[in-house]
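Each remark here refers to the structure printed beneath this line.
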Amino acid sequence: MAPLPNSHTEPDGSAVIRVLSYNIRSLRDDTDALARVITACAPDLVLIQEAPRFFRWRKKLTRLAAASGLVLLTGGGTAAGPAILCSLRATVERTEDVLLPLTPGLHRRGLATAVVRFGGARLGVVSCHLSLDGGERYAQGALLLDRLDQLGVEHAVAGGDLNEGPEGRIFRLLAGALQDCRDVAPWGGEETWTHGEPHRRIDAVFATKGVEVLGCGVPLDQPGVTRADLAAATDHLPVLTALRVPAAQRTQEGLS
């Protein structure tokens, strides 16, 4: 299978970027293996789920980012688990951590959100980890779509652990409003959970309709990614996506 394109900025200001979505199980496993997987994928953005949320959570996330050649952009404890890491290629416009309504007896959930620029391209970003409860999960999916709209950008990417597969209500809701990147441009592996004998695709990356999806899937054959590291890093497999994000309209007009 052909490799995904490397990150670069094109002459018209559009940007080819790599986005990795990864449930890291609160860094309870082999963090060296996790950092090796992330580094080998060479992402511009990492949408994290189950980031550390309690004692010294920010320091732990910052160390993971540094070990992967990235920086902590937003999220973690302040978003109840989701976080975003980014490369130094990203110019950060703004960030916001959002706590979702709490259902008594269930875990608090949240969204890590940002607006960033790569070259002439402007991109909204959301990392999510939806509820195990079906009713709450559906409500959270609707709030996720609302939050994407509120970012006020033409192009956006959202990804995370949905806790259901493509047959589920929320997965279908998101795929109807956005592009399911794996469905549009399959690449690599498909199932993401569990890492040992994956049998479900519950982790996904979605993009707004104007973004070109160049490939999306589990990076099983990505150079530098080993099966041993994938098994040691966490109980989920990551989803790697390559996208071409058009230049912002203002930039395009300035180039014409």
Side-chain angles (χ1 to χ4, degrees), residues 17 19-24 43-51 53 61 72-86 90-103 106-118 121-164 166 168-184 202-211 213 216 239 241 243 245-246 248:
I17 66 169
V19 179
L20 187 71
S21 182
Y22 213 167
N23 183 318
I24 64 172
D44 298 286
L45 296 165
V46 184
L47 313 183
I48 296 286
Q49 301 86 50
E50 288 195 40
R53 293 184 294 151
L61 265 181
L72 172 60
L73 178 56
T74 193
T78 49
I84 303 173
L85 312 182
C86 69
T91 298
V92 181
E93 186 174 304
R94 66 180 189 271
T95 66
E96 183 178 7
D97 298 327
V98 180
L99 293 177
L100 298 174
L102 176 63
T103 301
L106 299 179
H107 290 297
R108 169 72 83 178
R109 303 281 177 170
L111 305 172
T113 79
V115 176
V116 297
R117 292 179 182 270
F118 296 96
R122 186 168 179 251
L123 185 69
V125 188
V126 177
S127 177
C128 68
H129 187 185
L130 303 186
S131 176
L132 289 167
D133 178 83
E136 185 182 49
R137 184 165 62 244
Y138 191 78
Q140 291 171 349
L143 292 171
L144 168 60
L145 291 176
D146 288 343
R147 179 57 53 172
L148 282 173
D149 287 340
Q150 292 169 25
L151 290 176
V153 295
E154 183 178 2
H155 306 301
V157 61
D161 180 352
L162 304 187
N163 271 316
E164 68 176 37
R169 284 199 307 161
I170 186 56
F171 205 116
R172 288 185 282 115
L173 175 69
L174 295 177
L178 306 166
Q179 299 183 86
D180 172 4
C181 294
R182 168 71 192 183
D183 186 60
V184 171
I202 65 173
D203 304 86
V205 176
F206 299 89
T208 51
K209 298 294 174 67
V211 174
V213 183
C216 178
V239 179
T241 306
L243 305 171
V245 185

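Numbering starts at 1 and runs along the sequence shown.
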Inset, instruction - Determine whether I17 and L123 make a side-chain contact, defined as any pair of heavy atoms from C-beta on separated by less than 4.5 Å. - result: yes
Legend entry - Distance-minimising heavy-atom pair for S21 and A204: OG-O, 4.3 Å
Inset, instruction - Kindly give the heavy-atom pair with the smallest separation between G110 and A80, and that separation in Å. - result: N-CB, 4.0 Å
Legend entry - Evaluation steps, side chain to side chain contact (heavy atoms under 4.5 Å, CB included), between L72 and T74: CA-CA 6 Å; L72 172 60; T74 193; over 6 Å; no
Legend entry - Test log, rule side chain to side chain contact (heavy atoms under 4.5 Å, CB included), inputs L145 and L178: CA-CA 9 Å; L145 291 176; L178 306 166; 3.9 Å; yes
Inset, instruction - Would you sort out whether F206 and V157 count as a side chain to side chain contact (heavy atoms under 4.5 Å, CB included), showing the intermediate values? - result: CA-CA 6 Å; F206 299 89; V157 61; over 6 Å; no
Legend entry - Side chain proximity check, T91 to V116, heavy atoms < 4.5 angstrom: no
Inset, instruction - Using a 4.5 Å cut-off on heavy atoms from C-beta on, say whether the side chain of D133 contacts that of Y138. - result: no
Inset, instruction - Determine yes or no for a side-chain-to-main-chain donor-acceptor pair under 3.5 angstrom, with D161 supplying the side chain and N23 the backbone. - result: no
Inset, instruction - Quick one: pull up CD1 in I24 and CD in Q49 and give me the separation to the nearest 0.5 Å. - result: 9.0 Å
Inset, instruction - For residues L45 and L85, determine if any side-chain heavy atom of one lies less than 4.5 Å from a side-chain heavy atom of the other. - result: no
Inset, instruction - Carefully, step by step, assess V98 and R147 under the rule side chain to side chain contact (heavy atoms under 4.5 Å, CB included). - result: CA-CA 9 Å; V98 180; R147 179 57 53 172; 3.6 Å; yes
Inset, instruction - For residues R172 and P166, determine if any side-chain heavy atom of one lies less than 4.5 Å from a side-chain heavy atom of the other. - result: no
Legend entry - T208 (side chain) donor-acceptor with A156 (main chain) under 3.5 angstrom: yes
Legend entry - Option among R109, E136, H107 that satisfies the side-chain hydrogen bond (donor to acceptor under 3.5 Å, both in side chains) test with S131: E136
Inset, instruction - Report the residues that fulfil side chain to side chain contact (heavy atoms under 4.5 Å, CB included) with L143, sequence neighbours left out, ordered by chain and then residue number. - result: L100, P101, D146
Inset, instruction - Compare all side-chain heavy atoms of V46 with those of I84 and state whether any distance is below 4.5 angstrom. - result: no
Legend entry - L243 to C181 - nearest heavy-atom pair and separation: CD2-SG, 4.1 Å
Legend entry - salt bridge (charged side-chain N to carboxylate O under 4.0 Å, His left out) partners of D203, counting only residues at least two apart: none
Legend entry - 4.5 Å side-chain heavy-atom contact, T113 and L151: yes
Inset, instruction - Go through the structure and list residues passing side-chain hydrogen bond (donor to acceptor under 3.5 Å, both in side chains) with D180, not counting sequence neighbours. - result: R201
Inset, instruction - Report the distance from atom CZ of F171 to atom CG of L130, rounding to the nearest 0.5 Å. - result: 11.0 Å
Inset, instruction - Only counting residues at least two apart or in another chain, list the ones meeting salt bridge (charged side-chain N to carboxylate O under 4.0 Å, His left out) with R122. - result: E93
Legend entry - Pairing residues for R137 by the salt bridge (charged side-chain N to carboxylate O under 4.0 Å, His left out) criterion, not counting sequence neighbours: E164
Legend entry - CD/E96: more than 12 non-hydrogen atoms of other groups inside 6.0 Å: yes
Legend entry - Nearest heavy-atom neighbours spanning H129 and P82: N-CG, 4.0 Å
Legend entry - D97 backbone acceptor or donor facing T78 side chain under 3.5 Å: no
Inset, instruction - Quick one: closest heavy-atom pair of L111 and A79, and the distance? - result: O-CB, 3.7 Å
Legend entry - Minimum heavy-atom distance A112-G75, with the two atoms named: CB-CA, 4.1 Å
Inset, instruction - Using a 4.5 Å cut-off on heavy atoms from C-beta on, say whether the side chain of C128 contacts that of L162. - result: yes
Legend entry - Sequence-distant partners of D149, side chain to side chain contact (heavy atoms under 4.5 Å, CB included), two or more places apart: none
Legend entry - Straight-line distance of I48 CD1 to S127 OG, nearest 0.5 Å: 7.0 Å
